[in-house]
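This report concerns only the one structure given below.
Note that the coordinates shown come from a computational prediction; the quantities given were computed from them, not determined experimentally. Order of the sequence lines sets the chain letters (A, B, ...), proteins ahead of strands, with each chain counted from 1.
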Amino acid sequence: MIPHVLNVVLFLPLIGVAAVLLARRSNEAARWTGLGFSLLTFLLSLELFFSYDTANPAMQFVEKGSWIPALNVSYHVGLDGISMLLVVLTTFLTPIVLISSWNSIAKQVPAYIALMLLLETAMIGVFSSLDTFLFYVFWELILIPMYFIIGIWGGKERIYATVKFFIYTMVGSLLMLIAIIWLGYYASTLPGGVFTTDITQLFDIAPTIPLDAQGWLFAAFALSFLIKVPAFPLHTWLPDAHVQAPTGGSVILAGVLLKMGTYGLIRFNLQLFPQSSIEFASILSALGVVGIIYGALVSMVQKDVKKLVAYSSVSHMGFILLGIFGVTVEGLQGGLIQMINHGLSTGALFLIVGMIYDRRHTRMIEDFGGLARQIPVFSTFFMIVTLSSIGLPGLNGFVGEFMILLGSFNSTVLGSPWYVIFAATGVVFAAVYMLWMFQRVVFGVSRSEENNKLVDLSSREIGLLLPIMLFIVWIGVYPSTFLEKSEPTMQRVVEKLEQVQRGELLSTTVSDK
Amino acid sequence: MMEQLLTDTLNTAPIIGTMLLALIVIMINALKKDSLAAEYWVSLIGIIGNIALAVWVFPVRGTAFEGMVLTGGFASITTIIFLVAAGLTIILSREYIAKIGINVGEFFHLILLAAAGMMTFAAGTDLVVTFIGLELMSIVLYSLAGISRRVLKANEAALKYFLLGAFASGFFLYGIALIYGTAETTNILEIAQNLQALKSEPLFLTGVGLLLIGFAFKVGAVPFHMWVPDVYEGSPTMVSAFMSTGAKAAAFTALLLVFTATFDFADSSINTVFAVLAVASMVIGNVVALSQSNLKRMLAYSSIAHAGYMLIGITVGGDMSLAGVLFYVVSYMFTNIGAFGIAAVIENKEQGGTDIDDFRGLYYRRPSLAVLMSVFMFSLVGLPPLAGFFGKYYIFVAAIEGGYTWLTIIGVITSMISVYYYLRGDVLPDRGAAGKYRVLGRQRVRPGTVRRGHPADRHLPVLDTHVDGPLILEAHASCLHI
């Protein structure tokens, strides 16, 4: 057991930032330093995974220290089953992203790597914060490296895309800031209460918040998270950001940043505002279902592979939203595993699109064709990932989608099978757009002379796809390794919500005061 | 008697010292040829010495010269703020003024004298002293605004500033007269003692209202803001930097002292006036900033908007909120001097203007400057973990606790609007990228004119003030009780 392992995992990438900037004379040195730090962070985070006490649903690896006493803000971090898996996902994807950018990022290399490591610290911070103020700081800190990563290394319309991304996120999070402050203020109005931003204290206080205020707070938090997810009417920043971002940026964006939205919904909306969660569950689930179908339909007509993958994210994230607001253990567990699946599959899809773009400098479906003969290894990987994204049984996507559909079907909160019936059509659509795209790109006859000169994957590229493949199959065959970690935590979340639904929690908490 | 005079002089040493320093600098200029370096170093060393004096008198909390000037505590902190602003301005101006063709000796002298005026302004506990400080600061700033004598815009700026400023001073003075007429004293501590009785006097309230107009003009709050954009645009860039930070900080700290720390108008109609000023400044400042094409004008409107945020803090009152305002002033000072400083470096090094177009593609020409500029812009937006965010957070927390949630919501919505123009003032690569977001600008820079590692790059005040945030905050919370 490494002491203070969470602190180490959280801040090691930050030390890496300094190290990379010191090594800025040489691109090669910066690459190796960055990779070294991210790999070390990943190895240390495995300690989090293996020494996590599955039987204990409470926060573990907790670190607490005073930070700004004047505002009663403390540095308080810790992990439960939900956040631990997401932290490991983050540390797993970061080295892969750094390796994937080895040759494709040629200018300003040290800056790129430093920003990626800064991003890693911020992402881990978002998942592990147990103080709303700290959470907000990390949440917004994400914007700075992302702004530069898209804005400096992005495609032609990068400035437009990065500013749009920035403004969308900022609009949501500023409203969340008001809600955070208001929550702290509410804590101080209770008898003997003080202004606090500590999540564990807020969890106890929250159910006593008057219902109308709870509705507003729920909305402020939810808006911020739904923009990040992104849920249906708030998704328009996503295709722009994804298409313009460099490959590494897209992988991180799809792999981790979108999860921050769904993680926030579970951590804050469900746990802080149980009554409102139940009240708004059907609306949010409906948004999820609309997202599933809308994302799938729009994906179908895309001509650009990267844009297609970006819109498929909208569809996949819709599933997660549905799973969360079915408020059943199966649905939430499915949502969590689907977050990881989406990080792996969509991350891999973006990597694959990046690989072919590096070779051909185009992403248009019509320019390809017949790749299977020319570059079979590439095509094989592409196929596995495509099938995983569709949700083929035996691969990871199936597990998540099945659990979500099952959970929502049984949901007493939603109380209607129609959500699931509509959502299930999304699975069919997914097969249509993914397989159709795959067929046009990989099979058939080549539509361009240049396709015949393509070189197959290098060992570096195979090396970075293989670990993802491993987990795609692992989760598909034996998901319990991961599901068992988060199950007690999810059960506790659901129990609390069920209590509220029966009207128990409210009265007991009030009488305690 | 003599002893008392000596103690009082010692306790107000930073103010007197700064005035002496200004005189020394102008003497060097008169007596020595090619005195740029000498004046520069004397000014900087003198400023450091005065900061040390301010720290030294910090524990002496009280008043000097028969209750006319505040000493120690709050006064020390404001003194340090103004000295730091003056120091940064001098450091960043050195090459700039030589290039622009400003008479150097005068420039440093005037900056120091203005700083002395600000200190007096923010430390006066007698309205007459406050007024003397205000005038010393303002008159020096009028001449600084027009220091580039041959530039038409600078002349316009100086004249506009002077005419409107004189008008505002008139209001201020008339207000003092009316207050004296009813309270029979100009000492604000004595007035504060009789406040309950005075509050019902219509003439007294009129006087306070006139005083408020004078302050609102100096902080650049809507609707007394019309001078701000023209003056900031026309003045030499580093003078604008000094005005937007030092002068604004002075006006805010004096406002804090007069209206909240002593007069204590909590729960009165004055609060409504502050709230209206705050809302108008935030909304108009941020909305009009959207359409500016000149960086200095944009920063001018942004400074109006920031005055609005600080006014939220003044509206709410209470220790936390006032400490928040002070913290905001400090963080805003570093951020804004930095932003203007970069504009000055670009103007200086690239013979460019200060239109936003001139900053396009800066990242390719001077990456470190571009990144710093972005950091300043992010801080102005209020993005954690930069200082601007902590300032806003303190004020918003105080506002919600004080029952002003609606003001906070307006503040947050206008902050959202501001994101757009701050990013637009930003400098990310745009070379060859025809964005929908902005039209391609002129490429003013010729290859070969770019030189890396300019000294000014290194001097830029990097934003790490948030580290000191809590410390400053706690220091202030105690200082406000004099």
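B:L423 CG to A:I167 CD1: the interatomic distance, rounded to the nearest 0.5 Å, is 6.0 Å. In this structure, CG in A:L174 is found 8.0 Å from OG in B:S418, a value given to the nearest 0.5 Å.
Using a 4.5 Å cut-off between heavy atoms, B:I413 does not touch chain A at all. Contact of A:S66 with chain B is not made at all, since no heavy-atom distance falls under 4.5 Å. Proximity to chain B (any heavy atom under 4.5 Å) is restricted, for A:S188, to the side chain, taken from C-beta onward.
Using a 4.5 Å heavy-atom cutoff, the side chains of B:F396 and A:I178 are not in contact. Looking at heavy atoms from C-beta onward, B:T408 lies out of side-chain contact with A:W182 at the 4.5 angstrom threshold. Using a 4.5 Å heavy-atom cutoff, the side chains of A:I181 and B:E401 are not in contact. Between A:E140 and B:F389, every side-chain heavy-atom pair lies at or beyond the 4.5 Å cut-off.
A centroid separation of less than 6.0 Å is found between the aromatic rings of B:F378 and A:F166. Between B:Y393 and A:F133, the gap from one ring centroid to the other is short of 6.0 Å.
With chain B as partner, the option from A:L177, A:L143, A:I180 having the largest number of non-hydrogen pairs under 4.5 angstrom is A:L177.
Looking at every heavy atom in both residues, B:P384 comes nearest to A:I144 through O-CD1, 4.2 Å. In terms of heavy atoms, A:V171 sits closest to B:M416 at O-CE, 3.2 Å.
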TODO: Would you sort out whether B:L383 and A:Y147 count as a side-chain contact (heavy atoms from CB on, under 4.5 Å), showing the intermediate values?
DONE: CA-CA 12 Å; B:L383 199 70; A:Y147 176 76; over 6 Å; no
- [ ] Could you walk me through whether B:F390 and A:I68 pass the side-chain contact (heavy atoms from CB on, under 4.5 Å) test, one step at a time?
- [x] CA-CA 11 Å; B:F390 286 81; A:I68 309 177; 3.6 Å; yes
